[in-house]
Amino acid sequence: MSPHDEKKPTDFIRTIIEQDIARNLNNGQVVTRFPPEPNGTLHIGHAKSICLNFGIAEQYPGSRCHLRFDDTNPEKEEVAYIEAIKEDVRWLGFDWGDHLYFASDYFERLYQLAEVLIEKGKAYVCSLSADQMRSYRGTLTEPGKESPYRHRTVEENLTMFRAMRAGTYPDGAHTLRAKIDMSSPNINMRDPTLYRIRRVPHHQTKDLWCIYPTYDYTHCISDALEGITHSLCTLEFEDHRPLYDWILDELKDELPCHPRQIEFSRLELDFTVMSKRVLTTLVTGHHVSGWDDPRLPTIAGIRRRGYTPASIRHFCRLIGITKAPNHVEMALLENCLREDLEINAPRAMAVLDPVRVILDNLPEGYQEEITVANHPQNPGLGSRTIVLTREIFIERDDFEETPPKGFKRLIPGGEVRLRHAYIIRCESVLKDPKTQAVTAIVCHVDKDTMNRAPEGRKVKGVIHWVSAQRHCQAEIRLYESLFLVPHPLDHKAGGSFLDHINPDSLKILNHCPVEESLAQWQPGRPVQFERLGYFALDHRDSNPGRPVFNRSVSLRDSWAKEKTKSQ
RNA sequence: UGGGCCGUCGCCAAGCGGUAAGGCACCGGAUUUUGAUUCCGGCAUUCCUAGGUUCAAAUCCUAGCGGCCCAGCCA
């Protein structure tokens with residue numbers, strides 16, 4: 001499934017864009033950009049933005065989408081994140097072509113434009129400390145006070161700004177500020193900081209600079225320099241739009257265009273967190289194994305979990321683009337994966353919690369090779385051979401001595417079909433004399449039932465199995481949500497998000513018998529373990545002959561639902 | 001409390017003055033060698049509330065109510 005062959009989504013942003021094209025604004029061109037800061041890895045919320053920006057570029061002829069690293073704060077950024085982010089965007093199926101940029105590419109131009117602002121009397125060097133600046137800013141309800149440095153002459157500002165660049169002053173001694181309105185009801189317009197002094201080497205520009213421009217100053221100009229037509233961002237930047245427009249208006253004689261910023265709501269997912277700060281805490285506090293922990297909503301995590309790029313793209317299409325809170329249930333994401341994998345994942349058998357079954361009318365050493373389709377509906381997925389032996393493993397909960405109402409699996413004296421093989425009847429049960437735990441089940445094979453319905457009776461139950469003699473041992477990891485509450489960051493109930501961590505979010509099963517065909521499974525290739533769910537080989541922890549499988553998502557289980565209902 | 005934004009089914013979301021799409025979830029039922037898939041059927045007389053305008057309002061007006069964001073030299 002490629003992003004090209006699906007029905008095009010419509011949303012308010014695309015509506016605006018189509019109107020702009022119809023009016024021949026920007027010569028009918030559309031240029032978008034995805035502007036991550038390389039200070040962490042991407043998560044599924046970013047995927048929404050990526051799908052939007054790159055999706056628009058794919059949709060309208062002659063359009064493009066830039067990948068631009070918003071690298072204005074070297075203290076928090078790392079090169080490693082740059083490569084990780086590129087990999088994530090590529091993995092999602094998008095291509096920026098030649099349009100890879102860094103905000104730091106524009107540092108010199110940005111500096112020159114700052115001098116233009118100073119010359120116009122629209123920016124000044126302020127010598128207030130950070131604390132002082134905060135108290136001068138006022139509050140949400142009270143206007144701010146003007147800085148005592150606000151009326152420095154253009155010459156003095158120019159001299160000092162150049163000295164800032166030259167490294168004359170210590171870190172934090174001065175800032176360059178826009179001269180707008182200290183009594184604006186919009187706090188972002190109360191003389192926002194444009195430049196700060198930071199003696200920190202930058203991952204791209206090394207130690208060329210000791211002053212760095214802020215986001216607000218950099219972003220709008222970068223957009224304009226690249227000819228971005230529609231600058232799409234999340235709702236929290238709505239209050240910054242007046243500043244975005246102010247800077248571009250003041251600099252309109254120096255810049256090629258004035259992009260339009262449009263905001264949409266960010267994605268939130270139930271039972272997880274999307275905040276970079278919180279994700280960082282989870283990783284550095286070792287609550288998870290790393291940025292790619294399969295329980296995390298990071299792109300790296302969901303990839304390792306076994307999500308496919310197509311399922312993520314599909315998800316992003318379903319959630320839509322609006323300005324209303326986009327707080328989506330995990331079930332929708334899971335369903336997108338199931339939908340993809342139902343069609344595309346080959347099937348195999350694995351037993352999570354094995355109990356031994358002895359087929360007493362098969363001789364010792366019996367081995368029957370059975371060729372089975374890898375997919376019930378899709379012959380294109382080929383076939384494989386499984387082997388039936390005298391002893392096999394089945395799932396412990398596929399057998400009940402005292403079955404609940406509606407149970408259609410194996411019971412004493414009852415019959416069930418072994419998937420892809422014969423119908424068996426339970427003859428007796430062997431138990432540990434001390435614990436009374438079932439150690440083995442003795443069954444009789446009805447040899448007349450391979451690929452055939454039995455004579456004169458109906459056998460409804462079908463269970464999966466793996467040969468006890470011929471199998472591979474795998475480690476299987478089952479996941480549940482990382483948090484126990486739908487909104488872990490909701491502080492109204494008190495406590496920290498750490499209090500809501502699910503202690504059972506990871507369950508490791510160490511010795512699971514799985515089909516031999518799974519011994520050499522390729523990473524990145526999904527598989528359905530029949531009746532259990534979809535799984536993916538863990539590329540990090542698997543070893544030859546000792547595969548580790550992550551459960552990406554379980555199958556729908558109406559029996560489990562029915563059981564919990566009757567309880 | 002100042003400013004910005006949002007409120008259509010449990011969750012997303014169409015709708016833009018002509019009488020409430022769709023998906024997920026949920027509830028039935030059929031088919032099934034995966035209790036999966038597939039299929040078929042059900043699921044908002046009502047759009048945050050209250051007034052008003054109109055032949056006609058989720059859509060327009062007014063007043064409320066509720067939620068989110070902003071006081072980094074972060075992005």
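Within every chain, numbering begins at 1; the chains are lettered A, B, ... in the order of the sequence lines, protein sequences first and strands thereafter. Note that the structure is a prediction, hence the values are computed from the model and not measured.
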Short side-chain N/O contact to G3(B) OP1/OP2 from Arg190(A), under 4.0 Å: no

Length of the line joining Arg14(A):CZ and C16(B):P, which is rounded to integer Å: 20 Å

Under 3.5 Å donor-acceptor pair, Asn186(A) side-chain atoms to G4(B) base atoms: no

For G67(B), glycosidic torsion class - syn if within 90° of 0, otherwise anti: anti

Proximity to RNA chain B (any heavy atom under 4.0 Å), residues of residues 323-335 of chain A only: Lys323(A), Ala324(A), Pro325(A), Asn326(A), His327(A), Val328(A), Glu329(A), Ala331(A), Leu332(A), Asn335(A)

Any strand: nucleotide that pairs with A44(B) via Watson-Crick or wobble, under 3.5 Å: none

Sugar-phosphate, base or nothing in reach of Ile319(A), heavy atoms under 4.0 Å: sugar-phosphate

Side-chain H-bond candidate by donor/acceptor type, Asn335(A) with Glu339(A), under 3.5 Å: yes

Pair Phe529(A) + Phe549(A): ring centers closer than 6.0 Å: yes

P atoms of A50(B) and U45(B), separation to the nearest Å: 14 Å

Check: His240(A) ring centroid to His219(A) ring centroid under 6.0 Å: no

Sugar-phosphate, base or nothing in reach of Met133(A), heavy atoms under 4.0 Å: base

Sugar-phosphate, base or nothing in reach of Ser184(A), heavy atoms under 4.0 Å: nothing

Atom C1', compared across C11(B) and A44(B): separation rounded to whole Å: 14 Å

Nearest-nucleotide 5' precedence on RNA chain B, Thr72(A) against Thr10(A): Thr10(A)

C69(B) and U37(B), which share atom name C1', separated by this distance in whole Å: 44 Å

Any donor-acceptor N/O pair under 3.5 Å between C73(B) base and Arg177(A) side chain: no

Touch class at under 4.0 angstrom, heavy-atom based, for Thr139(A) against every strand present: base

Residue from Trp209(A), Tyr217(A), Tyr212(A) passing ring-ring contact (aromatic ring centres under 6.0 Å, His included) with Tyr195(A): Tyr217(A)

Atom pair distance, as rounded to whole Å: CZ in Arg33(A) and P in A75(B): 15 Å

Paired nucleotide for U32(B) [Watson-Crick or G-U wobble; both distances under 3.5 Å]: none

Sugar-phosphate, base or nothing in reach of Leu128(A), heavy atoms under 4.0 Å: base

Sugar-phosphate only, base, or nothing, as touched by Asp239(A) at under 4.0 Å among non-hydrogen atoms: base

C68(B): pairing nucleotide in any strand, Watson-Crick or G-U under 3.5 angstrom: G4(B)

Atom pair distance, as rounded to whole Å: NZ in Lys48(A) and C1' in A13(B): 11 Å

Watson-Crick or G-U counterpart of U62(B), or none if no pair lies under 3.5 Å: A50(B)

Euclidean distance, atom NE2 of residue His314(A) to atom C1' of C12(B) [Å, nearest integer]: 13 Å

Protein-nucleotide distance (Ile343(A), atom CD1; U38(B), atom C1'), rounded to Å: 11 Å

Distance, P atom - from A21(B) to G41(B), rounded to whole angstrom: 16 Å

Option among Lys179(A), Arg150(A), Arg177(A) that satisfies the side chain to side chain donor-acceptor pair (under 3.5 Å) test with Asp191(A): Arg150(A)

Distance, rounded to the nearest Å, where Asn188(A) contributes CG and C70(B) contributes P: 10 Å

Protein proximity profile, nucleotides 27-35 of chain B - base contact B, sugar-phosphate-only contact S, no contact -, cut-off 4.0 Å on heavy atoms: SS----BBB

Pairing nucleotide - U37(B), Watson-Crick or G-U, each distance under 3.5 Å: none

Heavy atoms from other residues, nucleotides or ligands near CZ of Arg457(A) exceed 12 (cutoff 6.0 Å): yes

Polar pair under 3.5 Å, donor/acceptor by atom type, side chain His240(A), base A75(B): yes

G10(B) and U49(B), which share atom name P, separated by this distance in whole Å: 13 Å

Salt bridge (charged side-chain N to carboxylate O under 4.0 Å, His left out) between Glu226(A) and Arg33(A), intermediate numbers included: CA-CA 9 Å; Glu226(A) 291 178 18; Arg33(A) 104 269 90 116; over 6 Å; no

Between C1' of C74(B) and CG of Asp71(A), the distance in whole Å: 14 Å

Sugar-phosphate only, base, or nothing, as touched by Tyr212(A) at under 4.0 Å among non-hydrogen atoms: nothing

For atom CG of Leu176(A) and atom C1' of C73(B), their distance in whole Å: 11 Å

Phosphate-side-chain proximity, Arg137(A) and G72(B), N/O vs OP1/OP2 below 4.0 Å: yes

N or O in side chain of Arg196(A) less than 4.0 angstrom from A75(B) OP1/OP2: yes

First encountered from the 5' end of RNA chain B, between Arg134(A) and Thr15(A): Thr15(A)

Euclidean distance for C1', A56(B) against C60(B) (whole angstrom): 13 Å

Salt-bridge criterion met for Glu515(A) and Arg384(A) (N-O under 4.0 Å): yes

Residues Glu342(A) and Arg347(A) bridged, charged N to O under 4.0 Å: yes

Check: Thr449(A) side chain, Pro454(A) main-chain N or O, donor-acceptor pair, under 3.5 Å: no

Presence of salt bridge, Asp223(A) and Arg68(A), under 4.0 angstrom: yes

Pair partner, C74(B) [Watson-Crick or wobble, under 3.5 Å]: none

Pair Tyr124(A) + Tyr149(A): ring centers closer than 6.0 Å: no

Check ion pair Lys323(A)-Glu238(A) (N to O, under 4.0 angstrom): yes

Gap in Å between the two P atoms, one belonging to G29(B) and one to U46(B), rounded: 29 Å

Contact under 4.0 Å: Thr322(A) side-chain N or O vs A13(B) OP1/OP2: yes

Pairwise P distance, C73(B) and C68(B) [rounded to whole Å]: 25 Å

